[in-house]
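Okay, structure first, notes after.
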Amino acid sequence: MGKKFKCDLHIHTLLSPCAEMEMMPTAIVKHACNAGLDIIAITDHNTTSNVESVVIAGQKLGLKVIPGIEIQTKEEAHIVGLFNSVESAKEVGDKVRKYLPGIQNDENYFGLQILMDSDDEILGQEDIMLLNSTDLSLEESVDLILSFHGLPICAHVDRPSYSVISQLGFIPPDLPVKAVEISRRSSVEEEIKEHPYLSNYRIITSSDAHRLNEIGSCFVEINKSLISQSIEKMILEG
Amino acid sequence: MTVSEAAKKLGLDLVVKGSSWNSQVKGGFCSDMLSHVMGHCPAGYLWVTIQNHKNVIAICSLLEISGVVLAHGIKADKDMLEKAEDEGITVLASGLSAFEICGQLYDLGITGADKNG
């Protein structure tokens, strides 16, 4: 009983250098609403600096926005972290920043990294290159997310690069992660066929949107009754 | 030895002929971790890897790497090819393993030193 909420839990803003410049807070929120999404998560590479802007933009249109991050571990695997509050997301973002090599971004090669407010006004640029591995191992990244009561998710495990499976060949059984994400490039059925142990995890599908028309291209449904629960309960018990 | 000469001697397939084709190869580098390449690969080197996405080309441009050699029969994906054409980065390929390719490059006198010494 109860309506299901349609959720896209992996979306980038224009702060991620690989995302298109159109990925501005109000545009993301409008597109999400038009795609029939009830909940989205903002997960920029190694930063949470644009998260609050999208949360506020979402509030204006009645769209719930979960603050998140996509950490690139030292093994070059991506771990998404979703948090219960903007504050905890910001604290994690600040900590992750310290683990990035201080290489300056070169927009000619990697793209712009724009900080923006909820009215799409430019606040500045992020100088440090975000599209790099942190010095955090897979375990350390997961522990960091958990220490702030967030939910760690092995991102796009079907991808041939930047996924835990592409980088390690498998998901370490003792890694304290309970959820994995499959991208729009594959399907749950295909992935379980190839890696049967994935059925031991909560599997979600998300768009990993880097442009507006990708928002909602993949989504996961969550029971409405869980909406006021913690992020962990909401998604794991979905 | 130029990139074209090394490619010919090793029998490498030419995937994209970039601006380095007639340039001297200064050394060889082998890694599949892009962050590692960014921190350690000197300019003018040939990079042997199985990574086949467009970020490989971005790093080649940024670091002025001579070219990419895709090992183990790995094929460049569409975005990587397009970016290599746009940026003029040489992409070569071989069915040999990365180890074999590196061995053969070494036999040609192409050695490798970390840019950090």
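Chain letters run A, B, ... following the sequence lines, proteins first, then strands; residues in each count from 1.
Heavy atoms of Gln72(A) lying under 4.5 Å from chain B are absent altogether. Ile57(B) does not touch chain A: none of its heavy atoms, backbone or side chain, sits under 4.5 Å away. For a residue to count as touching a neighbouring chain, one of its non-hydrogen atoms must lie under 4.5 Å from one of that chain's; by this rule Lys83(B) touches chain A with the side chain only.
A side-chain donor-acceptor contact under 3.5 Å links Ser35(B) and Glu76(A).
To the nearest 0.5 angstrom, Cys18(A) atom SG is 7.5 Å from Asn55(B) atom CG. Rounded to the nearest 0.5 angstrom, His36(B) NE2 and Ser133(A) OG are separated by 11.5 Å. Between Ser161(A) atom OG and Asn52(B) atom CG the span is 7.5 Å, to the nearest 0.5 Å. A distance of 9.0 Å separates CG in Asp32(B) from CD in Gln167(A), rounded to the nearest 0.5 Å.
Residues of residues 98-116 of chain A having a heavy atom under 4.5 Å from any heavy atom of chain B, listed by number: Asp106(A), Tyr109(A), Phe110(A).
Residue Lys6(A) places its NZ atom among more than 12 non-hydrogen atoms of other residues, nucleotides or ligands, all under 6.0 Å distant. The 12-atom threshold is not exceeded at CD of Glu64(B), counting heavy atoms of other residues, nucleotides or ligands nearer than 6.0 Å.
With a 4.5 Å cut-off on side-chain heavy atoms, Lys74(A) and Met33(B) do not count as touching.
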